[in-house]
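Below: the structure, in structure tokens.
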Amino acid sequence: MTEELHELLRIRRDKLQQLRDLGVEPYPYSYKRTHTAEAALTQFTNSETTGEGGTVSSMTEPVSVAGRIMALRVMGKAAFAHVQDSSGRIQIYVKLDAVGEQNFAIFKLLDIGDIIGVNGPVFRTHTGEITVRADRFELLAKSLHPLPIVKEKDGQQFDAFTDKEARYRQRYLDLVVNPQVKKVFETRAKITQIVRTFLGEWNFLDVETPILQPLYGGAAAEPFVTHHNVLERDLYLRIADELYLKRLIIGGFDRVYEIGKDFRNEGMDRTHNPEFTQLELYAAYEDYTFCMELVEKLVGKIAETLFGTTNITYEGKEYDLTPPWPRYRFFDKLQEATSKDVRSMNDAEIETECHKAGLNPEAGKVGRGKLLDKLFGAVVEPHLTGPCYVMDYPKELSPLAKGHRSDSGLVERFEGFLAGREFCNSFSELNDPIDQRARFEDQGKLRSQGDLEAQLLDEDFLTALEIGMPPTAGLGIGIDRLTMYFTDQHSIRDVILFPQMR
RNA sequence: GAGAAUGUAGCUCAGCUGGUAGAGCAGCGGCCUUUUAAGCCGUUGGUCGCGGGUUCGAUUCCCGCCAUUCUCACCA
């Protein structure tokens, strides 16, 4: 410590020393808890009986609770505090004649933010709050930083910790101080749990594929590049799992899924973080209609498990997730929105439509597929509010999707939309190796025209396809976006514990 | 990438038309053995994002930079 410490920090370090001088070890090894805050509260409530002489508790056994001091009210010879653990908060009451003079002096050296264990019987105070009366308490970790204090009365918050930058950068403080934030991440964990259970029941195998890849593929995006020193070559952080999961289908696993991070070297905004979590799954002997059924059932299941209903509220609007969801065709929707037969237009005409929609696609730089996609994004997507599917996309957009069985210009692909935003993507997977090679070659042409997101030719993947892949349905779901819906969060940063910051 | 807004104490914020800063909470000291936004009395704490400029004098006006937030664009 060469620098002078800030006053508030200095005071805490002084207290730390004083505690040590009093023989208190501020960082002991463990603490035996008997109850969480929540368990102590409910057990006490359940033990209360109303009889002669008013309400009586039959809970006489002392409890041990532990957590962080979040509020502290010290009086001359007694003190109240609120202790917070992962289940919630419980009040504790420390009084001089119960703990003794020495211990009370020690208690006075404690601060908001310190972690303590408290042992004693539970009772109700005059004001009615269920409280642990401390026979003993133990410092479990001294906190050396002041905590942003959030006080609350009648649901109104005071001195909230609201600075978004500070909350994201110091998520640990955010979590300590803002209980709603913790809830979001608990819900997120429940969602992935439900997904795994659901997919397990559907006989999907949970697998892991490489994040460090010698060649990236499976999506249209720019990658992050890194370098392996010993191999002396560049590696890429995956932008998708697709090509590896398909190799597993070829290998003979009939149904596989992976929930993992993808990385895309692109812009960030409220729906994009450079690293994000995707669920990808592949099912042999199925086509994209299988995935449509799967998605609506899975999403409905999540809603039911979380809320007991398939109606959810997102950003003030209600959505009914009950399956089945309406299915719209890509070009039907475009025609509806523009009142024109977009499909029979040439590239220049589509570009004109884009300009009308306020878009400026770079002429010649992007192919027909991208033009259509941009136009769709501008004129159709915002209106796709309720849960629905858009299906049968133009071939140019989807180099890994199988051609449509009854319309050669299209592929069997769908995207799922909710609240005007895409959250999943699926197709009947292309398993004709010769067609796949041709598609990669088309991508190569786009790439040489300057489309950095066009996909690379993966020779080994083509070899795998040549070995033979059964007809297969594939699906990707953005777990972050899904979580946004179910936690009613407006920004992806609010569903990622440590979002990317500049 | 563009636009708008913001950056003052640990947290949340005031600071009008320029005179080197305030509040509440937290902290510190005192009183207080059922408080709960505890209370009462006292009190500490700030290179006012950074760098220039104008001015006798800048937190305040001007320019630049940095960062953040929001919106738009980009992004399957």
Side-chain angles (χ1 to χ4, degrees), chain A residues 6-12 14-15 70-82 89 91-99 104 111-113 123-129 131 133 144-170 173 177 218-222 239-240 242 264-274 276 278 358-362 366 369-370 372-374 376-378 381 390 393-394 396-401 413-415 421-427 452-455 476 478 490-491 493 501-502:
Chain A
H6 187 278
E7 186 199 6
L8 294 173
L9 304 186
R10 204 207 68 234
I11 289 167
R12 294 233 175 174
D14 288 349
K15 287 182 178 177
M70 295 303 290
L72 197 51
R73 297 175 290 281
V74 183
M75 290 163 286
K77 287 167 181 145
F80 287 91
H82 275 94
R89 290 185 183 189
Q91 181 169 257
I92 62 154
Y93 178 48
V94 180
K95 58 175 187 165
L96 177 69
D97 41 14
V99 298
F104 198 73
D111 287 297
I112 289 174
F123 73 110
R124 229 179 240 283
T125 63
H126 289 167
T127 49
E129 180 159 357
T131 301
R133 183 168 52 229
L144 297 179
H145 276 267
L147 218 54
I149 300 300
V150 178
K151 297 203 173 189
E152 204 186 305
K153 189 183 188 181
D154 304 328
Q156 208 192 336
Q157 287 202 338
F158 303 84
D159 304 304
F161 181 53
T162 53
D163 182 82
K164 285 196 173 173
E165 184 188 6
R167 285 183 43 223
Y168 297 142
R169 287 193 194 276
Q170 296 188 283
L173 282 180
V177 148
E222 289 186 59
I239 58 172
E242 176 149 355
R264 298 189 184 173
N265 208 340
E266 293 165 349
M268 304 156 50
D269 62 23
R270 68 182 193 80
T271 57
H272 298 264
N273 195 65
F276 61 101
Q278 265 224 312
L359 299 170
N360 295 304
E362 288 176 67
V366 297
K370 281 227 162 180
L372 287 166
D373 182 53
K374 278 183 202 284
F376 188 87
E381 273 187 34
V390 173
Y393 282 69
E396 301 87 343
L397 264 177
S398 318
L400 299 164
R413 168 184 180 181
F414 77 85
E415 293 191 351
R421 206 173 298 145
E422 176 210 340
F423 74 93
C424 73
N425 182 21
S426 164
F427 23 89
L452 293 172
E453 296 184 346
Q455 302 198 23
H490 181 67
S491 167
R493 286 179 155 183
M501 304 294 285
R502 194 181 294 247

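We name chains A, B, ... by the order of the sequence lines, and we start the count at 1 in each one.
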Return no unless some side-chain N or O of [X] is found under 4.0 Å from OP1 or OP2 of [N].
| X | N | value |
| --- | --- | --- |
| A:T125 | B:U35 | no |
| A:K164 | B:U6 | no |
| A:K151 | B:A26 | yes |
| A:H82 | B:A38 | no |
| A:K374 | B:A76 | no |
| A:R73 | B:U35 | no |
| A:K153 | B:A37 | yes |

Just call it for [X]: base, sugar-phosphate, or nothing, with non-hydrogen atoms closer than 4.0 Å on any strand.
| X | result |
| --- | --- |
| A:F276 | nothing |
| A:R12 | nothing |
| A:L397 | base |
| A:V74 | base |
| A:I11 | sugar-phosphate |
| A:Q455 | base |
| A:R493 | sugar-phosphate |
| A:Q91 | base |
| A:S398 | nothing |
| A:P399 | base |

Out of [options], which nucleotide sits closest to the side chain of [X]?
| X | options | result |
| --- | --- | --- |
| A:E422 | B:C28, B:U33, B:A76 | B:A76 |
| A:H272 | B:U68, B:G10, B:C75 | B:C75 |
| A:R413 | B:C11, B:U12, B:A76 | B:A76 |
| A:F161 | B:U34, B:C11, B:C75 | B:C11 |
| A:R169 | B:C28, B:A26, B:A67 | B:A67 |
| A:M501 | B:U68, B:U12, B:A38 | B:U68 |
| A:E7 | B:U33, B:C25, B:G45 | B:G45 |
| A:D269 | B:C75, B:U12, B:A38 | B:C75 |
| A:A220 | B:U33, B:U35, B:A76 | B:A76 |
| A:K15 | B:C25, B:G27, B:U35 | B:G27 |

If the [atom1] atom of [N] is compared with that of [M], how far apart are they to the nearest Å?
| N | M | atom1 | value |
| --- | --- | --- | --- |
| B:U68 | B:C41 | P | 43 Å |
| B:A38 | B:C28 | P | 15 Å |
| B:U54 | B:A73 | C1' | 38 Å |
| B:G39 | B:G24 | P | 12 Å |
| B:A76 | B:C70 | P | 22 Å |
| B:U69 | B:C32 | P | 48 Å |
| B:G49 | B:G42 | P | 31 Å |
| B:C63 | B:G45 | P | 36 Å |

Complementary nucleotide of B:A67, counting Watson-Crick and G-U pairs under 3.5 Å =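 Paired with B:U6.
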
Please confirm whether the backbone N or O of [Y] pairs with a side-chain atom of [X], one donor and one acceptor, at under 3.5 Å?
| X | Y | result |
| --- | --- | --- |
| A:R73 | A:F80 | no |
| A:R264 | A:I239 | yes |
| A:R270 | A:H490 | yes |

Roughly, in whole Å, what's the span from [atom1] in [X] to [atom2] in [N]?
| X | N | atom1 | atom2 | value |
| --- | --- | --- | --- | --- |
| A:M75 | B:U34 | CE | C1' | 7 Å |
| A:E453 | B:C74 | CD | P | 12 Å |
| A:D14 | B:G27 | CG | C1' | 13 Å |
| A:M70 | B:A38 | CE | C1' | 18 Å |
| A:D163 | B:C70 | CG | P | 11 Å |

Which sits closer to the 5' end of RNA chain B, A:R270 or A:E415, going by the nucleotide each is nearest to?
->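 Checking each residue's closest nucleotide, the 5'-ward one belongs to A:R270.
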
Closest-nucleotide ordering on RNA chain B, the 5'-leading residue of A:D97 and A:D373 =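 In this pair, the answer is A:D97.
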
Within the structure provided, determine whether [X] and [Y] are in side-chain contact (heavy-atom separation under 4.5 Å).
| X | Y | answer |
| --- | --- | --- |
| A:V177 | A:R167 | no |
| A:Y93 | A:T125 | no |
| A:R493 | A:K164 | no |

Measure across A:R12 and A:H145 and return the closest heavy-atom pair with its distance rounded to 0.1 Å.
->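 For A:R12 versus A:H145, the nearest heavy atoms are NH1-O, 3.3 Å.
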
Minimum heavy-atom distance between A:F104 and A:A78, given as atom pair plus value =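 Of all heavy-atom pairs spanning A:F104 and A:A78, the closest is CZ-N, 3.3 Å.
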
Output the distance between atom CG (A:L8) and atom CG (A:D111), rounded to the nearest 0.5 Å.
->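 Between atom CG of A:L8 and atom CG of A:D111 there are 10.0 Å.
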
